[in-house]
Amino acid sequence: MSLLRVQDLQKSFGAHRAVQGLSFSLEAGEMLALIGPNGAGKSTTFNMLNGQIRPDHGQIEFKGKSLIGLGARQTWQLGVSRTFQIAQTFGSLSLAENVQMALICKDHQLFSFWPRAHDFKRDEALALLRQVELHHMADKACSALAYGDIKRLELAQALANEPTLLLMDEPTAGMGPLERKNLMALVKELVLERGRSSRGLAVLFTEHSMDVVFGFADRVLVMSAGALIAEGTVEEIKANERVQALYFGYKSALEPARSSSTGAYPA
(Lines give C-alpha, C1' and ligand atoms only; values in the text may rest on other atoms or scores of the structure.)
Protein backbone atom coordinates (compact mmCIF):
# COMPACT_ATOMS: atom_id res chain seq x y z
CA MET A 1 0.00 0.00 0.00
CA SER A 2 1.30 3.45 -0.95
CA LEU A 3 2.12 5.88 1.84
CA LEU A 4 0.08 8.59 0.10
CA ARG A 5 -2.62 8.01 -2.50
CA VAL A 6 -4.40 10.89 -4.24
CA GLN A 7 -7.35 10.05 -6.47
CA ASP A 8 -9.27 12.41 -8.79
CA LEU A 9 -8.59 15.50 -6.67
CA GLN A 10 -10.52 18.59 -7.77
CA LYS A 11 -10.75 22.17 -6.50
CA SER A 12 -12.36 25.25 -8.02
CA PHE A 13 -12.49 28.87 -6.91
CA GLY A 14 -15.56 30.29 -8.57
CA ALA A 15 -15.21 29.63 -12.29
CA HIS A 16 -11.48 28.92 -11.99
CA ARG A 17 -10.65 25.21 -11.89
CA ALA A 18 -7.42 25.24 -9.90
CA VAL A 19 -6.97 21.45 -9.75
CA GLN A 20 -8.65 19.06 -12.19
CA GLY A 21 -8.74 15.31 -11.59
CA LEU A 22 -5.27 14.96 -10.04
CA SER A 23 -4.21 11.40 -9.19
CA PHE A 24 -0.84 10.08 -8.01
CA SER A 25 0.81 8.00 -5.31
CA LEU A 26 3.91 8.36 -3.16
CA GLU A 27 5.93 5.56 -1.60
CA ALA A 28 7.89 5.55 1.65
CA GLY A 29 11.52 6.52 1.06
CA GLU A 30 10.73 8.42 -2.13
CA MET A 31 11.42 12.02 -3.12
CA LEU A 32 8.71 13.13 -5.53
CA ALA A 33 8.86 16.51 -7.30
CA LEU A 34 5.69 18.36 -8.32
CA ILE A 35 6.53 20.94 -10.96
CA GLY A 36 4.75 23.25 -13.37
CA PRO A 37 4.50 26.93 -14.30
CA ASN A 38 2.98 29.53 -11.99
CA GLY A 39 -0.75 28.96 -11.70
CA ALA A 40 -0.47 25.24 -12.48
CA GLY A 41 -2.20 24.26 -9.22
CA LYS A 42 0.79 23.16 -7.14
CA SER A 43 0.13 25.31 -4.06
CA THR A 44 -3.58 24.48 -4.13
CA THR A 45 -2.64 20.81 -4.18
CA PHE A 46 -0.34 21.27 -1.19
CA ASN A 47 -3.04 23.19 0.68
CA MET A 48 -5.44 20.30 0.18
CA LEU A 49 -2.89 17.67 1.19
CA ASN A 50 -2.10 19.28 4.54
CA GLY A 51 -5.69 20.21 5.38
CA GLN A 52 -5.65 23.96 4.81
CA ILE A 53 -8.45 23.75 2.26
CA ARG A 54 -10.95 21.02 1.48
CA PRO A 55 -11.15 19.54 -2.03
CA ASP A 56 -14.42 19.72 -3.94
CA HIS A 57 -14.03 16.11 -5.00
CA GLY A 58 -11.61 13.22 -4.74
CA GLN A 59 -9.72 11.26 -2.13
CA ILE A 60 -6.51 11.76 -0.16
CA GLU A 61 -5.37 8.66 1.72
CA PHE A 62 -2.35 8.68 4.05
CA LYS A 63 -1.31 5.30 5.44
CA GLY A 64 -4.71 4.02 4.31
CA LYS A 65 -6.60 6.70 6.26
CA SER A 66 -8.65 9.41 4.54
CA LEU A 67 -7.48 12.97 5.21
CA ILE A 68 -10.63 14.54 3.75
CA GLY A 69 -12.30 16.77 6.31
CA LEU A 70 -9.28 16.95 8.62
CA GLY A 71 -7.79 20.34 9.35
CA ALA A 72 -4.13 21.28 9.13
CA ARG A 73 -3.46 20.56 12.82
CA GLN A 74 -5.10 17.13 12.70
CA THR A 75 -3.19 16.26 9.54
CA TRP A 76 0.07 17.39 11.17
CA GLN A 77 -0.64 15.21 14.19
CA LEU A 78 -0.95 12.19 11.90
CA GLY A 79 2.61 12.72 10.65
CA VAL A 80 2.33 15.13 7.71
CA SER A 81 4.66 18.13 8.07
CA ARG A 82 5.14 21.07 5.74
CA THR A 83 7.64 23.80 4.97
CA PHE A 84 6.63 26.92 3.06
CA GLN A 85 8.00 28.98 0.19
CA ILE A 86 8.31 31.89 2.62
CA ALA A 87 9.83 30.41 5.77
CA GLN A 88 7.56 30.42 8.85
CA THR A 89 9.78 31.11 11.87
CA PHE A 90 9.75 33.34 14.96
CA GLY A 91 12.36 36.03 14.35
CA SER A 92 12.55 37.19 17.98
CA LEU A 93 13.23 33.69 19.34
CA SER A 94 16.46 31.73 19.26
CA LEU A 95 16.91 28.73 16.97
CA ALA A 96 16.45 26.34 19.90
CA GLU A 97 13.30 28.15 21.04
CA ASN A 98 11.83 27.97 17.54
CA VAL A 99 12.24 24.20 17.54
CA GLN A 100 10.99 23.96 21.12
CA MET A 101 7.77 25.68 20.02
CA ALA A 102 7.25 22.92 17.47
CA LEU A 103 7.90 20.29 20.15
CA ILE A 104 5.40 21.98 22.47
CA CYS A 105 2.78 21.75 19.70
CA LYS A 106 3.63 18.11 19.13
CA ASP A 107 2.99 17.30 22.79
CA HIS A 108 -0.29 19.29 22.84
CA GLN A 109 1.20 21.73 25.36
CA LEU A 110 0.81 24.94 23.34
CA PHE A 111 -1.79 26.43 25.69
CA SER A 112 -0.43 24.97 28.91
CA PHE A 113 1.28 27.12 31.52
CA TRP A 114 4.94 26.21 31.57
CA PRO A 115 6.94 28.07 34.25
CA ARG A 116 10.16 27.28 32.36
CA ALA A 117 9.22 26.85 28.72
CA HIS A 118 12.82 27.79 27.91
CA ASP A 119 13.89 24.39 29.24
CA PHE A 120 11.10 22.34 27.64
CA LYS A 121 12.67 19.49 25.64
CA ARG A 122 15.76 21.53 24.95
CA ASP A 123 17.86 18.41 24.42
CA GLU A 124 15.43 17.21 21.73
CA ALA A 125 15.53 20.65 20.11
CA LEU A 126 19.33 20.58 20.05
CA ALA A 127 19.27 17.09 18.51
CA LEU A 128 16.99 18.32 15.72
CA LEU A 129 19.23 21.33 15.13
CA ARG A 130 22.17 18.92 14.91
CA GLN A 131 20.35 17.01 12.14
CA VAL A 132 20.21 20.18 10.04
CA GLU A 133 23.73 21.26 11.09
CA LEU A 134 22.64 24.33 13.08
CA HIS A 135 23.31 23.14 16.64
CA HIS A 136 26.32 25.43 16.97
CA MET A 137 23.98 28.44 16.63
CA ALA A 138 21.25 27.15 18.96
CA ASP A 139 21.07 30.30 21.09
CA LYS A 140 21.40 32.76 18.24
CA ALA A 141 18.37 34.91 17.39
CA CYS A 142 16.53 33.65 14.33
CA SER A 143 16.37 37.21 12.95
CA ALA A 144 20.18 37.20 12.59
CA LEU A 145 20.29 34.13 10.34
CA ALA A 146 21.18 34.04 6.66
CA TYR A 147 18.25 32.96 4.51
CA GLY A 148 19.68 29.52 3.78
CA ASP A 149 19.99 28.87 7.52
CA ILE A 150 16.39 29.98 8.06
CA LYS A 151 15.32 27.30 5.58
CA ARG A 152 17.31 24.74 7.54
CA LEU A 153 15.68 25.91 10.76
CA GLU A 154 12.23 25.52 9.23
CA LEU A 155 13.20 21.99 8.25
CA ALA A 156 14.16 21.24 11.86
CA GLN A 157 10.76 22.54 12.98
CA ALA A 158 9.03 20.27 10.47
CA LEU A 159 11.04 17.28 11.70
CA ALA A 160 9.94 17.93 15.30
CA ASN A 161 6.71 16.11 14.49
CA GLU A 162 8.65 12.98 13.45
CA PRO A 163 6.78 13.05 10.14
CA THR A 164 6.32 10.18 7.75
CA LEU A 165 5.44 12.61 4.96
CA LEU A 166 7.20 15.94 4.45
CA LEU A 167 5.67 18.49 2.08
CA MET A 168 8.18 21.12 0.94
CA ASP A 169 6.81 24.10 -1.00
CA GLU A 170 9.68 25.55 -3.06
CA PRO A 171 12.26 24.72 -0.36
CA THR A 172 15.14 26.43 -2.18
CA ALA A 173 13.36 29.63 -3.27
CA GLY A 174 15.68 32.62 -2.84
CA MET A 175 18.77 30.49 -2.33
CA GLY A 176 21.98 30.39 -4.34
CA PRO A 177 23.14 27.30 -6.28
CA LEU A 178 25.39 25.95 -3.53
CA GLU A 179 22.77 26.56 -0.80
CA ARG A 180 20.16 24.78 -2.91
CA LYS A 181 22.39 21.77 -3.42
CA ASN A 182 23.39 21.56 0.24
CA LEU A 183 19.83 21.81 1.55
CA MET A 184 18.43 19.16 -0.77
CA ALA A 185 21.40 16.86 -0.15
CA LEU A 186 20.59 17.15 3.55
CA VAL A 187 16.92 16.27 2.89
CA LYS A 188 17.98 13.30 0.75
CA GLU A 189 20.25 12.04 3.53
CA LEU A 190 17.42 12.36 6.07
CA VAL A 191 15.20 10.26 3.81
CA LEU A 192 17.90 7.61 3.50
CA GLU A 193 18.75 7.72 7.21
CA ARG A 194 15.14 7.27 8.30
CA GLY A 195 14.76 4.45 5.81
CA ARG A 196 17.72 2.67 7.39
CA SER A 197 16.21 3.12 10.86
CA SER A 198 12.82 1.76 9.71
CA ARG A 199 11.05 5.00 10.66
CA GLY A 200 10.50 5.93 7.03
CA LEU A 201 10.13 9.34 5.43
CA ALA A 202 8.79 10.41 2.04
CA VAL A 203 9.12 13.90 0.55
CA LEU A 204 6.84 15.68 -1.90
CA PHE A 205 8.32 18.99 -3.04
CA THR A 206 7.48 21.75 -5.50
CA GLU A 207 10.36 23.49 -7.19
CA HIS A 208 11.10 25.89 -10.04
CA SER A 209 14.85 25.21 -10.10
CA MET A 210 15.39 22.29 -12.43
CA ASP A 211 18.88 21.58 -11.12
CA VAL A 212 17.20 20.67 -7.83
CA VAL A 213 14.46 18.60 -9.50
CA PHE A 214 16.78 16.71 -11.82
CA GLY A 215 19.43 16.28 -9.14
CA PHE A 216 17.31 14.97 -6.27
CA ALA A 217 13.88 13.72 -7.37
CA ASP A 218 13.21 10.00 -7.75
CA ARG A 219 10.12 10.77 -9.82
CA VAL A 220 8.52 13.91 -11.22
CA LEU A 221 4.89 15.02 -11.63
CA VAL A 222 4.19 17.84 -14.08
CA MET A 223 1.07 20.01 -13.82
CA SER A 224 -0.31 22.59 -16.21
CA ALA A 225 -3.58 24.55 -15.84
CA GLY A 226 -4.60 22.40 -12.89
CA ALA A 227 -4.13 19.04 -14.59
CA LEU A 228 -1.42 16.40 -14.48
CA ILE A 229 0.17 16.27 -17.92
CA ALA A 230 3.09 13.90 -17.27
CA GLU A 231 4.76 11.75 -14.63
CA GLY A 232 7.84 9.58 -14.60
CA THR A 233 11.52 9.42 -13.83
CA VAL A 234 13.78 12.40 -14.41
CA GLU A 235 14.95 10.96 -17.72
CA GLU A 236 11.38 10.28 -18.86
CA ILE A 237 10.34 13.83 -18.01
CA LYS A 238 13.35 15.30 -19.82
CA ALA A 239 12.39 13.37 -22.95
CA ASN A 240 8.64 14.10 -22.78
CA GLU A 241 7.69 16.31 -25.74
CA ARG A 242 4.50 17.57 -24.10
CA VAL A 243 6.46 18.71 -21.06
CA GLN A 244 8.98 20.44 -23.29
CA ALA A 245 6.25 22.26 -25.17
CA LEU A 246 3.91 23.17 -22.31
CA TYR A 247 6.27 23.76 -19.40
CA PHE A 248 9.91 24.16 -20.29
CA GLY A 249 9.39 26.12 -23.50
CA TYR A 250 12.28 24.65 -25.41
CA LYS A 251 12.76 21.78 -27.81
CA SER A 252 15.43 19.77 -26.02
CA ALA A 253 15.26 19.20 -22.28
CA LEU A 254 18.80 17.89 -22.25
CA GLU A 255 20.41 21.22 -23.11
CA PRO A 256 17.93 23.87 -21.91
CA ALA A 257 18.43 27.59 -22.09
CA ARG A 258 18.40 28.90 -18.53
CA SER A 259 16.51 32.05 -17.70
CA SER A 260 19.10 33.23 -15.17
CA SER A 261 22.09 32.16 -13.12
CA THR A 262 19.73 30.60 -10.55
CA GLY A 263 19.20 27.54 -12.67
CA ALA A 264 15.47 28.18 -12.95
CA TYR A 265 13.79 27.38 -16.25
CA PRO A 266 11.15 29.45 -17.96
CA ALA A 267 7.80 29.17 -16.17
Side-chain angles (χ1 to χ4, degrees), residues 1-13 16-85 158 161-171 184 187-188 190-191 194-195 199-208 212-213 216-234 236-237 240 242-243 246-247:
M1 178 174 60
S2 298
L3 178 69
L4 177 70
R5 189 177 72 87
V6 174
Q7 186 67 37
D8 196 23
L9 208 60
Q10 300 177 30
K11 184 65 183 179
S12 296
F13 299 98
H16 174 60
R17 300 180 65 187
V19 176
Q20 308 178 47
L22 179 64
S23 298
F24 68 90
S25 63
L26 175 62
E27 308 299 325
E30 188 175 26
M31 290 186 66
L32 178 63
L34 175 62
I35 67 173
N38 291 331
K42 305 184 300 296
S43 292
T44 300
T45 297
F46 264 46
N47 290 339
M48 288 189 284
L49 292 178
N50 85 316
Q52 288 187 283
I53 60 175
R54 182 167 183 157
D56 298 330
H57 180 79
Q59 283 297 320
I60 304 171
E61 291 185 0
F62 175 62
K63 297 182 180 178
K65 177 182 175 62
S66 176
L67 299 184
I68 302 298
L70 301 184
R73 181 171 176 78
Q74 291 172 295
T75 303
W76 185 79
Q77 289 171 343
L78 289 175
V80 180
S81 288
R82 179 177 179 178
T83 67
F84 294 82
Q85 180 179 354
N161 194 37
E162 298 184 3
T164 308
L165 173 60
L166 178 59
L167 307 174
M168 305 185 76
D169 192 355
E170 297 196 32
M184 295 308 290
V187 174
K188 188 78 170 182
L190 287 170
V191 171
R194 294 205 171 194
R199 285 185 293 170
L201 176 64
V203 177
L204 174 65
F205 67 97
T206 66
E207 187 58 63
H208 280 296
V212 170
V213 173
F216 295 97
D218 297 307
R219 285 190 301 122
V220 183
L221 307 175
V222 185
M223 292 184 71
S224 179
L228 185 67
I229 64 168
E231 62 178 308
T233 65
V234 166
E236 288 169 341
I237 293 302
N240 188 295
R242 190 177 184 193
V243 174
L246 294 180
Y247 176 64

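Under the 3.5 Å distance criterion, with hydrogens and angles disregarded, a donor-acceptor pair is assigned to the side chains of Ser2 and Glu27.
With a 4.5 Å cut-off on side-chain heavy atoms, Phe205 and Val212 count as touching.
Taking every heavy atom of both residues into account, Val80 and Asn161 meet most closely at N-ND2, 4.2 Å. Here the closest non-hydrogen pair linking Val191 and Gly29 is CG1-O, 3.6 Å. Pairing each heavy atom of Val6 with each of Leu22, the nearest pair is CG1-O, 3.5 Å. For the residue pair Leu70 and Ser66, the shortest heavy atom distance occurs at CD1-O, 4.0 Å. The two residues Ser81 and Pro163 have their closest heavy-atom pair at OG-CB, 3.6 Å. For the residue pair Gln10 and Gly21, the shortest heavy atom distance occurs at CG-N, 3.4 Å.
Side chain of Thr206 to main chain of Glu170: a donor-acceptor pair is present (N/O by atom type, distance under 3.5 Å, no hydrogens or angles). A distance-only check finds a donor-acceptor pair linking the side chain of Asp218 to the backbone of Met31 [under 3.5 Å]. The backbone N or O of Ala217 sits nowhere less than 3.5 Å from a side-chain atom of Lys188 that would complete a donor-acceptor pair.
The cationic group of Lys42 does not satisfy the cation-pi geometry with Phe46, failing either the under 6.0 Å distance to the six-membered ring centre or the 45° limit from the ring axis.
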- Message: I'd like to know whether Thr44 forms a side-chain contact (heavy atoms from CB on, under 4.5 Å) with Phe13, so could you lay out the CA-CA distance, the side-chain angles of the two residues, the decisive distance to 0.1 Å, and finally the verdict.
- Response: CA-CA 10 Å; Thr44 300; Phe13 299 98; 4.0 Å; yes
- Task: Take Thr75 and Phe62 through the side-chain contact (heavy atoms from CB on, under 4.5 Å) test and state the conclusion after the steps.
- Result: CA-CA 9 Å; Thr75 303; Phe62 175 62; over 6 Å; no
- Yes or no on side-chain contact (heavy atoms from CB on, under 4.5 Å) for Thr45 and Met223, after CA distance, side-chain angles and deciding distance? CA-CA 10 Å; Thr45 297; Met223 292 184 71; 3.9 Å; yes
- Item | Chi angles and distances behind the side-chain contact (heavy atoms from CB on, under 4.5 Å) call for Phe24, Arg219 | CA-CA 11 Å; Phe24 68 90; Arg219 285 190 301 122; 5.8 Å; no
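The CG atom of Leu4 sits 9.0 Å away from the CG atom of Leu32 when rounded to the nearest 0.5 Å. Once rounded to the nearest 0.5 Å, the distance linking CD1 of Ile35 with CG of Leu221 reads 9.0 Å. Going from atom OG of Ser23 over to atom CG of Leu9 covers 8.0 Å, rounded to the nearest 0.5 Å. Between atom CD1 of residue Ile60 and atom CD of residue Gln7 there is a gap of 11.5 Å, rounded to the nearest 0.5 Å. The CG atom of Leu78 lies 12.0 Å from the CZ atom of Arg73; values are rounded to the nearest 0.5 Å.
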Check: residues 48-55 side-chain donor-acceptor pairs under 3.5 Å, at least two apart:
from: Asn50; atom 1: OD1; to: Arg82; atom 2: NH1; distance (Å): 3.2
from: Gln52; atom 1: OE1; to: Arg82; atom 2: NH1; distance (Å): 2.6

